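Chain A is the first sequence line, chain B the second, and so forth, proteins listed ahead of strands; every chain is numbered from 1. Both backbone and side-chain heavy atoms feed into the values below; hydrogens, waters and symmetry mates do not. The structure presented is a predicted model; accordingly, all values stated were derived computationally and were not measured.
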Amino acid sequence: MSEENTKPQTRSYVPPHKKGIKPVPGSTPLSSESSGYESRSNSGYGGYGGYGRRDGGYSSGGYGRSSYGSRNNNNGGNSSRPPRGQGRWVDGKHVPAARDTTLEKTLYGEEGDSKFQSSGINFDNYDDIPVDASGDDVPEAITEFTSPPIDSLLLENIKLARFTRPTPVQKYSIPIISTGRDLMACAQTGSGKTGGFLFPVLSEMFKNGPSEVTEDNRFSKNKAHPTALVLAPTRELASQIYDESKKFIYRSWVKATCVYGGADFTTQVRNLARGCDLLVATPGRLNDLLERGKISLKNIKYFVLDEADRMLDMGFENQIRYIVEQCDMPPANERQSLLFSATFPKEIQHLARDFLNDYIFLSVGKVGSTSENITQKIIYVENEDKESTLLDILAADEESGNGLTLVFVETKRMADILSDYLYSNNFPANSIHGDRTQREREKALEMFKSGREPILVATAVAARGLDIPNVTHVINFDLPGDIDDYVHRIGRTGRAGNTGVATAFFNRGNKNISKDLIELLTEANQEVPQFLSSISREFGRGGPSRGRSGGSRDIRRSGNYRSSGNSSYGNSSYGNSSYGNSSYGNSSGGYGNSSGGYGSGRQFNLSSNTNSNSSSSSSQWW
DNA sequence: AAAAAAT
């Protein structure tokens, strides 16, 4: 039994140029409450050790100091002065708050700090992005942020945040959502999806004010009645969306709140009770709050699923169905449902239709896809060589630049092992995964973002949506089993039109992904290493392909659904229980109608402005 | 198989 075969040992490889350097100068190891290095490991491999923690202080919501509004109930009277930057809706009119330059510095950053820079988008790299929108009556895209259709106060906030031009997905999502349509939007990682739903939703909320019911109830002492609900698959992503929303609700009547697990329940309930018009949440905690009667969804006008394919996969689907179908949210035809993701497998699109009403399918960028801004390298590394190879790569990175490196592994245990290993080899690394406490997770993320610990070892918890500026390298130490997961992971770099590098360790254990990987690399104009092709062939078609070419095209256009009659949905894979009661068969619901239906897609090319209708069959770019 | 998400 050689030890090499069991698990990584903490060998003492020290790159020559690093000899004598102490890890993380000037910063403390992760568990700052204890001193020893060993204590960096998390508390609970064996289960959900992290859940029981009552580490207060995480829940967010509301602007001002805690003294604001905590004394009076904020019950709509004029007795309490609203927090800084908090506007009001009075007698059917929007009364924005006065500007507050101090608050603006907090929200939007100042020249030189990281917040300020993070808004910079390299629009040159958005040229020539193919866009496809299908569905009935697709509205024209906008080309600039203008009022109309964007509310003038929101427009000011967008300018303050230095978003100068709409990204491709925003050019389409804004008019689609502003005209009241449902949307399934598929857009490349890092291409502005959050603004894609926040801008139009907030714009409409600013213009229309609270619903009448909301006006009666939204300050009721113990029950929040949000107008918009945004669901996200991880706590950190929910938190990020909430932080982003604060930039745009500035001075408006809208109050935003964020709820998720691992943070103090009471604090979140108190924040909700202060008024909640835009609610950002993860499913578990939201369910909990719904069951305890702290939130009502009866005023929901906008329902957003971010990372929608993830939200509808097996681990989440039941919780989402409970929230949407078993509580008091209005039915699909009385609300707007907006689904966003970088990938949208066919099966998930089928499921998603239960939540949508006559939606527009929007696809921006190539197939479910990786941008060419990311240089992808696949290298052959046997499992036992992974650690030393990683050290070599990190050492080389350190020589050449100062960006952040995100290392993905498959298991929580490996995340800890590897981060400890790196740390003991003088690389300032930390880890993030679901068995760590929320405090540890947020600390690790903050240390990473700030560059004080520029190497983060992560599980799938960090794969989606997180927008971390300056991640220059994503390393798939373990490749995921699913190509879509790979797409999301490497999308943590190369964001906002910038460039990045993604390296993956591949060996025969990853043969199942080889075929999809080759397709993806080919589409993104990346080099396909020879060993990859031969292993793919060697294992006969390289394992099951989910058919990436379906990864982001509208299932309604795949041929089986084109009939103008009611009879031929034909496809047997379709027979889930919702089939009979949803909108397929009726003539108003979209499928059976004769008004052109879903074969009539529109394809656009933003750079050349060829906004002409075209037949869907002739120019498939996917 | 694993990860995530409520206590």
Side-chain angles (χ1 to χ4, degrees), chain A residues 42-56 58-59 229-241 258-269 272 280-295 305-324 326-327 341 348 383 406-418 431-438 440-442 445 457-466 476-486 488-489 492 509-513 543-544:
Chain A
N42 70 61
S43 54
Y45 290 148
Y48 289 102
Y51 279 177
R53 296 301 181 90
R54 288 283 181 190
D55 34 18
Y58 283 106
S59 60
L229 172 65
V230 180
L231 291 180
T234 65
R235 299 164 184 174
E236 285 77 12
L237 181 54
S239 179
Q240 174 182 297
I241 295 166
C258 188
V259 299
Y260 50 78
D264 184 63
F265 192 90
T266 313
T267 309
Q268 290 184 354
V269 171
L272 286 168
V280 187
T282 50
R285 179 59 64 91
L286 176 60
N287 278 338
D288 200 359
L289 288 159
L290 285 165
E291 279 166 8
R292 298 193 199 199
K294 302 300 182 188
I295 295 171
L305 275 184
D306 199 12
E307 306 297 343
D309 61 335
R310 174 75 185 86
M311 300 304 279
L312 295 176
D313 81 10
M314 282 197 343
F316 270 126
E317 188 198 343
N318 286 341
Q319 293 184 67
I320 305 301
R321 283 197 185 278
Y322 174 79
I323 291 165
V324 178
Q326 309 293 316
C327 298
S341 183
I348 302 291
N383 287 340
L406 188 52
V407 182
F408 281 104
V409 295
E410 271 300 88
T411 65
K412 293 180 273 201
R413 182 173 171 74
M414 182 54 97
D416 281 325
I417 292 171
L418 195 55
S431 72
I432 185 168
H433 61 72
D435 275 352
R436 306 203 74 179
T437 65
Q438 194 56 29
E440 288 170 328
R441 285 165 59 159
E442 294 185 12
L445 198 54
V457 185
T459 60
V461 71
R464 285 172 171 267
L466 295 186
N476 275 289
F477 187 89
D478 301 318
L479 273 164
D482 184 323
I483 191 69
D484 286 343
D485 292 338
Y486 173 82
H488 284 275
R489 286 179 180 189
R492 297 317 98 212
N510 307 113
K511 64 183 186 327
N512 282 344
I513 204 181

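- Rounding to whole angstrom units, CE of residue M314(A) and P of dA5(B) are separated by 17 Å.
- Residue-level contact check: G315(A) touches the bases, meaning some heavy atom is under 4.0 Å from a base atom.
- The base of dA5(B) does not come close enough to the side chain of R235(A) for any donor and acceptor atom to sit less than 3.5 Å apart.
- If you take OH of Y260(A) and C1' of dA5(B), they are 14 Å apart, rounded to a whole angstrom.
- Residues Q326(A) and R321(A) bring no donor and acceptor atom of their side chains to less than 3.5 Å of each other.
- Taking atom CG of residue N318(A) and atom C1' of nucleotide dA6(B), one finds them 15 Å apart after rounding to whole Å.
- R441(A) has a side-chain polar atom (N or O) that falls below the 4.0 Å cut-off from OP1 or OP2 of dA5(B).
- Rounded to whole Å, the distance from CZ on F316(A) to C1' on dA2(B) is 14 Å.
- Contact annotation: T282(A) side-chain N/O to dA6(B) OP1/OP2 distance is under 4.0 Å.
- Following rounding to the nearest Å, Q319(A) (CD) and dA3(B) (C1') show an atom-to-atom distance of 13 Å.
- Applying the side chain to side chain contact (heavy atoms under 4.5 Å, CB included) rule to A232(A) yields the partners L237(A), A238(A), I241(A); only residues at least two apart in sequence or on another chain are considered.
- Rounding to whole angstrom units, CD of residue Q438(A) and P of dA4(B) are separated by 11 Å.
- Here the side chains of E236(A) and Y260(A) are not in contact, with every heavy-atom distance at 4.5 Å or above.
- Taking atom CZ of residue R413(A) and atom C1' of nucleotide dA2(B), one finds them 15 Å apart after rounding to whole Å.
- The side chain to side chain contact (heavy atoms under 4.5 Å, CB included) check on N318(A) picks up nothing, with sequence neighbours excluded.
- Taking only side-chain nitrogens and oxygens, R464(A) never comes nearer than 4.0 Å to OP1 or OP2 of dA3(B).
- For the pair E410(A) CD and dA3(B) C1', the interatomic distance rounds to 8 Å; values are reported in whole Å.
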